[in-house]
Peer 1: 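This structure is in structure tokens; I'll ask about it shortly.
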Amino acid sequence: MKLYNTRTRNIEQLRPLEDRHVRIYSCGPTVYDHAHIGNLSAYIFADTLRRVVAQAGYTVTHAMNYTDVDDKTIRRSRERYPDIEPREALHRLADEYITHFLEDMAAVGNDTSALTFLRATDPEVIKGMYELITQLHTKGFAYIAEDGVYFSIDAYRKSGKTYGQLLELTLQNTSEARIHNDEYDKESVHDFALWKKQKDGEPAWPFTLEDRDGRHDLSGRPGWHIECSVMSRQALGQPFDIHTGGVDLIFPHHENEIAQSTALETNPVMATIFAHNAHILVDGKKMSKSANNFYTLKDITDKGYDPLAFRLLVLQSHYRSQTNFTWESLEAAQNRLVKLRNWAALMYQDSTPAPEHTSRISRQTIGSAFREALENDLDTPQALASIADDVISVTDDPTGGLTSQQIKDSVEFIDEVLGLRLSEVQDITPEQKQLIADREAARIAKDWQKADELRKRLEKQKIELRDTPQHTIWYRTA
RNA sequence: GGCGCGUUGGCGGAGAGGUUACGCAGGGCUCUGCAAAAGCCCGUAGACCGGUUCAAGUCCGGUACGCGCCUCCA
């Protein structure tokens with residue numbers, strides 16, 4: 001398994017730190033609103049990565065966080081529940097959007113049962129953040145300011161570690177814009193908040209730190225970056241193998257996570273591989289909440305599209321390429337999905353094995369082209385192409401010379417790795433099978449009128465028929 | 001201003017120094033009682049300008065345009 005590593009800017013062989021076990025951490029959602037399809041594409045990437053790593057023979061521990069405390073969750077919770085105690089309001093809002101999130105995840109084929117979820121406001125996590133910040137403070141990597149506790153990048157650098165492990169940070173590309181925006185009491189413009197003191201009406205957790213001036217009451221809430229540092233360590237230990245997220249998280253989020261997580265360690269590596277997915281664009285621009293040019297899954301389903309068509313659309317392009325979302329391309333993906341399902345339905349139907357192909361195409365050989373593509377930096381477009389080449393269109397026989405059992409195996413294998421849920425295609429009922437058999441009999445008797453009538457009855461049940469030289473095939477219409 | 005990425009056929013989107021990506025849409029043919037699907041074939045893609053090479057979408061340099069990050073962000 002090879003994967004592009006942002007840290008080294010190279011495609012690298014995956015070498016798990018523990019034998020046959022791969023630990024993955026994926027930056028999850030901030031639960032203040034519905035996820036948009038750009039968010040979902042990042043989770044489709046993470047889910048597919050986990051599937052591919054698992055099928056490559058590793059056991060996988062995959063952790064994801066919920067950011068359930070930040071500026072946006074706080075603001076929204078106060079709007080929504082103005083009369084409720086702030087922490088309770090926050091919790092309610094988060095619960096609500098976590099539910100929506102899990103629904104969306106399932107709808108686009110992400111297996112949430114394979115994930116270990118952590119919440120930033122979980123008491124264990126809060127405790128972990130308190131401990132880490134305290135230690136950072138004790139060791140001189142953090143300092144107390146007017147409005148909170150900040151991480152000192154200068155101290156981190158002086159300890160001999162690199163701030164800027166994922167991208168080249170120069171004075172020019174970081175300071176200029178930040179100087180003008182800087183409204184906080186930081187020692188350096190690069191420094192970032194580990195903990196923020198409570199403001200009016202905001203939820204807060206007890207927090208005290210002691211320095212030479214005495215004990216400071218800093219009750220408030222965590223900074224964004226510290227959440228991921230603590231949750232990843234609690235779920236996976238450190239260092240772990242793969243850290244995923246969108247490219248927009250490279251800086252500052254992941255850079256800051258690395259600094260926090262490694263300041264107290266001898267090993268400067270937080271995770272071996274940092275893997276980042278490129279964005280989905282709308283009209284050639286990045287989709288974002290702030291630009292208000294985003295679509296949610298509901299927008300897609302409202303137009304009658306299948307959420308799994310969106311998954312297929314995402315998988316059709318490489319995760320490191322920007323993808324321009326258009327309704328036309330979603331339509332194309334939906335058509336392709338329907339055709340894949342029609343092929344999957346063949347697993348319930350008799351097929352005539354063509355001996356010269358049966359040995360070539362099987363669960364194992366889907367593997368060679370398919371698996372090879374996926375294990376090469378998760379090349380899902382190539383893998384999908386190999387399905388078409390090797391499986392679906394090998395011979396005149398629509399089954400591709402596969403027995404129904406082999407099709408079933410192939411479909412299940414594809415599902416296992418791509419999560420397209422093709423195997424959920426239902427078999428037809430015995431009654432429907434009888435109708436098909438009756439029509440066959442009518443055709444043999446050249447009773448065309450009866451044959452056509454039976455076909456019409458099936459069409460009303462959303463089943464269409466194809467007569468091939470070998471036999472009659474059914475498939476479902478939407 | 002700094003750093004990085006991209007520019008492929010009607011649309012989306014890959015791999016790749018010499019041979020079909022793939023999908024969707026379109027045209028033709030075959031098959032078929034009809035139908036539909038499928039199969040086969042087709043449309044002479046590779047931003048622009050130079051260079052390297054026997055050979056370049058594919059490597060190198062430059063130009064133009066677009067995008068991302070540098071601020072919350074998948």
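Convention: sequence-line order gives letters A, B, ...; per-chain numbering from 1.
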Peer 1: Using Watson-Crick or G-U wobble geometry with both distances below 3.5 Å, tell me the partner of B/A38, or none.
Peer 2: B/U30
Peer 1: Using a heavy-atom cut-off of 4.0 Å across all strands, would you classify A/H318 as base, sugar-phosphate, or nothing?
Peer 2: sugar-phosphate
Peer 1: Mind calculating the distance between CD1 (A/I24) and C1' (B/A74) to the nearest angstrom?
Peer 2: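 In whole Å, B/A74 C1' and A/I24 CD1 are 16 Å from each other.
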Peer 1: Can you tell me if CZ on A/R157 sees more than 12 non-hydrogen neighbours from other groups inside 6.0 Å?
Peer 2: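 Yes, because the 6.0 Å sphere around CZ of A/R157 holds more than 12 heavy atoms from other groups.
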Peer 1: What is the distance from CD1 of A/I473 to P of B/C31, rounded to the nearest Å?
Peer 2: 19 Å
Peer 1: Please classify the nucleic acid contact of A/D379 as base, sugar-phosphate, or nothing, using heavy-atom distances under 4.0 Å.
Peer 2: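 Sugar-phosphate, no base atom in range.
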Peer 1: With heavy atoms under 4.0 Å as the rule, sort A/S317 into base, sugar-phosphate or nothing.
Peer 2: sugar-phosphate
Peer 1: If you compare all heavy atoms of A/D306 against all heavy atoms of A/Q334, which two are closest, and at what distance to 0.1 Å?
Peer 2: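 Closest approach of A/D306 to A/Q334: N-OE1, 2.9 Å.
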Peer 1: Can a donor-acceptor pair under 3.5 Å be found between the side-chain atoms of A/R443 and the base atoms of B/C34?
Peer 2: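 Per atom types, no contact qualifies.
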Peer 1: Using a heavy-atom cut-off of 4.0 Å across all strands, would you classify A/G38 as base, sugar-phosphate, or nothing?
Peer 2: base
Peer 1: Could you please name the partner base of B/C24, counting Watson-Crick and G-U wobble pairs only when both distances are under 3.5 Å?
Peer 2: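 Checking every strand shown, B/C24 finds its partner in B/G10, with both distances under 3.5 Å.
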Peer 1: Under the side-chain contact (heavy atoms from CB on, under 4.5 Å) test, which residues partner A/T326, sequence neighbours left out?
Peer 2: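 Listed in chain order: A/N324, A/E328, A/S329.
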Peer 1: Only one of A/F294, A/F101, A/Y97, A/Y295 clears ring pair (Phe, Tyr, Trp, His ring centres under 6.0 Å) with A/H34; which?
Peer 2: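 Among the candidates, only A/Y97 passes.
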Peer 1: For B/G17, which nucleotide is its Watson-Crick or G-U wobble mate, given both distances must be under 3.5 Å?
Peer 2: none
Peer 1: Determine the interatomic distance between P on B/A14 and the same-named atom on B/U7; round to the nearest Å.
Peer 2: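 Nearest-Å result for B/A14 against B/U7 at atom P: 9 Å.
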Peer 1: Take atom CG of A/L330 and atom P of B/A25, then tell me their distance rounded to the nearest Å.
Peer 2: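 About 14 Å, once rounded to whole Å.
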Peer 1: With a 6.0 Å cut-off (strictly less than), is the heavy-atom count around NZ of A/K2, excluding the residue itself, greater than 12?
Peer 2: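 No.
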Peer 1: Tell whether A/D248 reaches the base of B/C72 with its side chain through a donor-acceptor pair below 3.5 angstrom.
Peer 2: no
Peer 1: Establish, with yes or no, whether the OP1 or OP2 oxygen of B/G23 is under 4.0 angstrom from a side-chain nitrogen or oxygen of A/N335.
Peer 2: no
Peer 1: Suppose you measure atom P in B/C60 against the same atom in B/G15; what distance do you get, rounded to whole Å?
Peer 2: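 My reading of the P atoms in B/C60 and B/G15 gives 16 Å.
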Peer 1: So what does A/Y475 touch, heavy atoms closer than 4.0 Å: a base, only the sugar-phosphate, or nothing?
Peer 2: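 Contact class for A/Y475: sugar-phosphate only.
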Peer 1: What's the CZ-P distance between A/F310 and B/G23, to the nearest Å?
Peer 2: 21 Å
Peer 1: Return the pairing partner of B/G68 with a 3.5 Å limit on both distances, Watson-Crick or G-U wobble; otherwise return none.
Peer 2: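 When the pairing criteria are applied, B/C3 turns out to be the nucleotide that pairs with B/G68.
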Peer 1: Compare the minimum distances between each of B/C67, B/G13, B/A38 and the side chain of A/R466, then state the nucleotide with the smallest one.
Peer 2: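 My answer, after comparing the listed nucleotides, is B/A38.
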Peer 1: Regarding A/K286, tell me which of base, sugar-phosphate or nothing describes its non-hydrogen contacts under 4.0 Å with the strands shown.
Peer 2: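 Base, at least one base atom sits under 4.0 Å.
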Peer 1: Between B/G9 and B/U20, how far apart are the two C1' atoms, rounded to whole Å?
Peer 2: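 14 Å, rounded to whole Å.
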Peer 1: Is there a Watson-Crick or G-U wobble partner for B/U53 with both distances under 3.5 Å, and which nucleotide is it?
Peer 2: none
Peer 1: Looking at every strand, decide which applies to A/K446 at a 4.0 Å heavy-atom threshold: base, sugar-phosphate, or nothing.
Peer 2: nothing
Peer 1: Could you state the CD1-P distance from A/I250 to B/C72, rounded to the nearest angstrom?
Peer 2: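 In whole Å, B/C72 P and A/I250 CD1 are 15 Å from each other.
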Peer 1: Quantified in whole Å, what is the P atom distance between nucleotide B/G39 and nucleotide B/A25?
Peer 2: 12 Å
Peer 1: Output the rounded distance in Å from CG (A/L418) to P (B/G23).
Peer 2: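 Going from A/L418 (CG) to B/G23 (P), I get 15 Å.
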Peer 1: Report which part of the nucleic acid A/S321 touches: base, sugar-phosphate, or nothing (heavy-atom distance under 4.0 Å, all strands).
Peer 2: sugar-phosphate
Peer 1: Would you mind telling me which residue lines up with the more 5' stretch of RNA chain B, A/Y319 or A/S288, judged by nearest nucleotide?
Peer 2: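 Of the two residues, A/Y319 wins.
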Peer 1: Hey, which sits more toward the 5' end of RNA chain B by its nearest nucleotide, A/S290 or A/L281?
Peer 2: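 The 5'-side residue here is A/L281.
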Peer 1: Less than 4.0 angstrom between a side-chain N/O of A/K339 and OP1 or OP2 of B/A25, yes or no?
Peer 2: yes
Peer 1: Please report the distance separating the P of B/C49 from the corresponding atom of B/G12, rounded so that it comes out in whole Å.
Peer 2: 23 Å
Peer 1: Select base, sugar-phosphate, or nothing to describe what A/L40 touches, counting heavy atoms under 4.0 Å on all strands.
Peer 2: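 It contacts nothing in the nucleic acid.
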Peer 1: Remember a base hit wins even if backbone is also touched, and classify A/R439 as base, sugar-phosphate or nothing at under 4.0 Å, heavy atoms.
Peer 2: base
Peer 1: Taking everything shown except A/Q449 itself, do over 12 heavy atoms lie less than 6.0 Å from its CD?
Peer 2: no
Peer 1: A/I280 near the nucleic acid: base, sugar-phosphate alone, or nothing, with a heavy-atom cut-off under 4.0 Å?
Peer 2: base
Peer 1: Apply the test side-chain hydrogen bond (donor to acceptor under 3.5 Å, both in side chains) to residues A/T296 and A/H36: give CA-CA distance (whole Å), side-chain angles for both, the deciding distance (0.1 Å), then the verdict.
Peer 2: CA-CA 4 Å; A/T296 63; A/H36 63 59; over 6 Å; no
Peer 1: With a 3.5 angstrom cut-off on both distances, give the Watson-Crick or G-U wobble partner of B/U63, or none if there isn't one.
Peer 2: B/A47
Peer 1: NZ of A/K462 versus C1' of B/A36: gap in Å, rounded?
Peer 2: 17 Å
Peer 1: If I pick the P atom on B/C59 and the same atom on B/C3, what distance separates them, to the nearest angstrom?
Peer 2: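 Going atom to atom, P in each nucleotide, I get 22 Å.
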Peer 1: Pick out the pairs of N or O atoms, protein on one side and nucleotides 4-12 of chain B on the other, that lie under 3.5 Å.
Peer 2:
from, atom 1, to, atom 2, distance (Å)
B/C11, O2', A/E328, OE1, 3.3

Peer 1: If we take the C1' atom in both B/G66 and B/C48, what is their distance in whole Å?
Peer 2: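 Per the computed distance, 15 Å lies between those C1' atoms.
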Peer 1: Assign the ring pair A/H253 / A/H225 to parallel, tilted or perpendicular, where the plane angle (0 to 90°) is split at 30° and 60°.
Peer 2: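 Correct class here is tilted.
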Peer 1: Quick one: salt bridge (charged side-chain N to carboxylate O under 4.0 Å, His left out) partners of A/D47, sequence neighbours excluded?
Peer 2: A/R50, A/R51, A/R311
Peer 1: Determine whether the aromatic ring centres of A/F151 and A/W195 lie less than 6.0 Å apart.
Peer 2: no
Peer 1: If we take the P atom in both B/A55 and B/U19, what is their distance in whole Å?
Peer 2: 15 Å
